[in-house]
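Notes follow the structure.
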Amino acid sequence: MRTLLDMCNVTVFRGETKVFAGLTLQIEGGCNTAILGPNGAGKSTLLKLISGELRPVFSPTAHVKVFGKERWNVWDLRSHLGVVSHDLQHEYLESALGIDVILSGYYSSVDTWQHQVFGEEEHRRAEEILGMLEIDALRERRFGSMSTGQQRRFLLGRALVHRPSALLLDEPTSGLDLKASLHYGAVLSGLIRAGTTALIVTHKVQEIPPEIQRVIMLKQGKIVADGTREETLTSDTLSELFDYPLHAVLHNGTCQVFPAERSGHVGQR
């Protein structure tokens, strides 16, 4: 299986701020992975590098390859990598109808436009996704009138139209209530079990579904831990990552964190 992400010696600036200095990271295809870190760790910059929205400082030894290629046409990339991001949710046209949000994934556009052509297969796939994500009743609802959770499901559907081999998800349950979070998590778990690789960028430990195999911890632009969920989602590593004494509990494949008792042992799980 092709390597999903190959970053080598990457240096990136956002404005005058150096976010990464010589960052190297590889993620193999089929390896469901979470990038975990506090605000300011560089997660959004990493997401934009993967999706092609940012480029690193030129160096003969530096590269960012997604599925083995350094440069992609955005439409071609979306057929391999489906992206659901906060930026897309905030920028998406509020007047777009639900069904058109799904269809717009074929052109990587915000809403659909007169020059875009959708055939029988595209409409059939959109109907399939509406049913799978349980949002058929919202097909004629305008995007701006939907709840945050409903918008997130439509954008996930938009990313799924091409049947991408991998999904890149930015804080997937941020802003969702408990029911919406659990439903979204169940849908994501189902997609992973069906063979879609997930790359989740988050600061919430509880967002990491049981199917995630690898956790990469990012802090101040550097990888501070990288391993299996059992190796990384511990009280010690999470306390160091978030600069706060935490007690981590793994239960049925999910991780929950609590403030560590002042007199307790932070290293216990």
- Side chains of Thr3 and Ile27 in contact at under 4.5 Å (non-hydrogen atoms): no
- Measure from the side-chain N and O atoms of Arg153 to the backbone N and O of Leu133, and report whether any donor-acceptor pair falls under 3.5 Å. yes
- Query: Are Leu156 and Ile200 joined in one hydrophobic group, where the rule is that I, L, V, M, F, W and Y side chains link up if heavy atoms are under 4.5 Å apart?
  - Reply: yes
- Task: Evaluate the criterion side chain to side chain contact (heavy atoms under 4.5 Å, CB included) for residue pair Val215 and Thr228; output intermediate values, then yes/no.
- Result: CA-CA 6 Å; Val215 178; Thr228 66; over 6 Å; no
- Would a 4.5 Å heavy-atom cut-off, applied to side chains only, mark Pro209 and Ile192 as touching? yes
- Item | Selection residues 244-254 - residue pairs positive for salt bridge (Lys or Arg N to Asp or Glu O under 4.0 Å), sequence neighbours left out | none
- Under 3.5 Å donor-acceptor, Gln151 side chain and Phe143 backbone: yes
- Find the distance between CZ (Arg152) and NE2 (His86) and round it off to the nearest 0.5 Å. 5.0 Å
- Message: List the residues meeting side-chain contact (heavy atoms from CB on, under 4.5 Å) with Arg71, not counting sequence neighbours, and say none if there are none.
- Response: Arg55
- Query: Looking at residues at least two apart in the chain, or sitting in another chain, which of them share a side-chain contact (heavy atoms from CB on, under 4.5 Å) with Phe58?
  - Reply: Pro60
- Query: Which pair of non-hydrogen atoms, one from Ala198 and one from Leu188, has the smallest distance, and what is that distance?
  - Reply: CB-CD1, 4.3 Å
- Message: Quick one, Val64 with Glu70, criterion side chain to side chain contact (heavy atoms under 4.5 Å, CB included). Give me CA distance, side-chain angles, the key distance, then yes/no.
- Response: CA-CA 6 Å; Val64 177; Glu70 283 195 70; over 6 Å; no
- Query: Should Leu103 and Ile99 count as side-chain neighbours, where that means a heavy-atom distance under 4.5 Å?
  - Reply: yes
- Query: Same hydrophobic cluster for Val57 and Leu23, using side-chain heavy-atom links shorter than 4.5 Å among ILVMFWY?
  - Reply: no
- Item | Separation of His247 NE2 from Ser235 OG (nearest 0.5 Å) | 5.5 Å
Please set out all donor-acceptor pairs under 3.5 angstrom arising from side-chain atoms of residues 174-186, sequence neighbours excluded.
unit_1, atom_1, unit_2, atom_2, d
Asp177, OD1, Lys179, N, 3.4
Asp177, OD1, Ala180, N, 2.8
Ser181, OG, Leu176, O, 3.4
Ser181, OG, Asp177, O, 2.9
His183, NE2, Glu134, OE1, 3.3

- Glu121: partners by salt bridge (charged side-chain N to carboxylate O under 4.0 Å, His left out), with sequence neighbours left out: Arg124
- Message: On a heavy-atom basis, which atom in Cys31 and which in Arg214 lie closest, and how many Å separate them?
- Response: SG-CB, 3.8 Å
- Note on the structure: Contacts of Lys219 meeting side-chain contact (heavy atoms from CB on, under 4.5 Å) (sequence neighbours excluded), chain-then-number -> Val224, Leu241, Asp243
- Message: Is it the case that the side chain of Thr234 and the backbone of Thr237 share a donor-acceptor pair, with hydrogens and angles ignored and the cut-off at 3.5 Å?
- Response: yes
- Can you tell me how far the OG1 atom of Thr254 sits from the CD atom of Gln206, to the nearest 0.5 Å? 9.5 Å
- Task: For the residue pair His63 and Asp6, establish whether any side-chain heavy-atom pair is separated by less than 4.5 Å.
- Result: yes
- Assign the ring pair Tyr106 / His162 to parallel, tilted or perpendicular, where the plane angle (0 to 90°) is split at 30° and 60°. perpendicular
- Kindly work out whether a path of hydrophobic side-chain contacts (I/L/V/M/F/W/Y, heavy atoms less than 4.5 Å apart) joins Met217 to Met7. no
- Note on the structure: Nearest heavy-atom approach of Pro164 to Thr196 is O-CG2, 3.9 Å
- Correct closest heavy-atom pair for Leu54 and Leu49 would be O-CD2, 3.7 Å
- Query: What residues, two or more places apart in sequence or in another chain, satisfy side chain to side chain donor-acceptor pair (under 3.5 Å) together with Gln116?
  - Reply: Ser109
- Query: Any idea how His80 and Trp72 line up, ring-wise: parallel (<30°), tilted (30 to 60°), or perpendicular (>60°)?
  - Reply: tilted
- So, do Val83 and Leu167 sit near enough that their side-chain heavy atoms are less than 4.5 Å apart? no
- Task: Starting at CG of Leu155, measure out to OG of Ser104 and round the result to the nearest 0.5 Å.
- Result: 8.0 Å
- Task: Check Leu246 against Ser239 and note the closest heavy-atom contact, atom names and distance.
- Result: N-OG, 2.8 Å
Return all side-chain donor-acceptor pairs below 3.5 angstrom for residues 11-22, not counting sequence neighbours, or 'none' if the list is empty.
unit_1, atom_1, unit_2, atom_2, d
Thr11, OG1, Gly22, N, 3.2
Arg14, NH1, Thr45, OG1, 2.9

- Query: Hey, which of Thr24, Ile35, Ile216 is the one that makes side-chain contact (heavy atoms from CB on, under 4.5 Å) with Ile223?
  - Reply: Ile216
- Task: Please name the pair of heavy atoms, one in Asp170 and one in Ser85, separated by the smallest distance, quoted to 0.1 Å.
- Result: CB-CA, 3.7 Å
Which pairs would a plain distance check flag for residues 135-142, meaning a side-chain donor or acceptor within less than 3.5 Å of a matching protein atom at least two apart in sequence or in another chain?
unit_1, atom_1, unit_2, atom_2, d
Asp136, OD1, Arg139, NH1, 3.0
Arg139, NH1, Glu127, OE1, 2.9
Arg139, NH1, Glu127, OE2, 3.2
Arg139, NH2, Glu127, OE2, 2.6
Arg142, NH1, Ser95, O, 2.4

- So with a 6.0 Å cut-off around CD of Glu53, is the heavy-atom count from everything else above 12? yes
- Spell out, yes or no, whether Leu77 and Leu160 are grouped together once hydrophobic residues are joined by side-chain heavy atoms under 4.5 Å, including indirect joins. no
- Query: Hey, what do you get for CG (Leu36) to NZ (Lys43), rounding to the nearest 0.5 Å?
  - Reply: 7.5 Å
- Query: Taking Thr173 for the side chain and Glu207 for the main chain, is one N or O donor matched with an acceptor at less than 3.5 Å?
  - Reply: no
- Salt-bridge test for Arg163 and Glu128: reply yes if a basic N is under 4.0 Å from a carboxylate O, no otherwise. yes
- Taking the side chain as C-beta and beyond, is there a heavy-atom pair between Val84 and Leu168 under 4.5 Å? no
- Message: Once salt bridge (Lys or Arg N to Asp or Glu O under 4.0 Å) is applied, what residue pairs with a partner in residues 93-105 remain, sequence neighbours excluded?
- Response: none
- Message: Hydrophobic cluster membership, with links at side-chain heavy-atom distances under 4.5 Å among I/L/V/M/F/W/Y: are Tyr92 and Val161 in one?
- Response: yes
- Residues passing the salt bridge (charged side-chain N to carboxylate O under 4.0 Å, His left out) test with Lys65, sequence neighbours excluded, are none
- Item | Counterpart residues, side-chain contact (heavy atoms from CB on, under 4.5 Å), relative to Ala166 (two or more places apart) | Leu4, Phe67, Leu81, Thr197
- May I ask you to test the Leu199-Leu169 pair for a side-chain heavy-atom distance under 4.5 Å? no
- Query: So, are Asp87 and Lys48 salt-bridged, with charged N and O less than 4.0 Å apart?
  - Reply: yes
- Measure the spacing between CD of Glu211 and OG of Ser189 and express it to the nearest 0.5 Å. 3.5 Å
- Query: Do Glu91 side-chain atoms and Leu88 backbone N/O form a donor-acceptor pair below 3.5 Å?
  - Reply: no
- Query: Is the backbone N or O of His203 less than 3.5 Å from a side-chain atom of Glu171, with the two atoms forming a donor-acceptor pair by type?
  - Reply: yes
- Message: Just so I know, are the side chains of Arg2 and Val66 near enough to count as touching, which here means a heavy-atom distance under 4.5 Å?
- Response: no
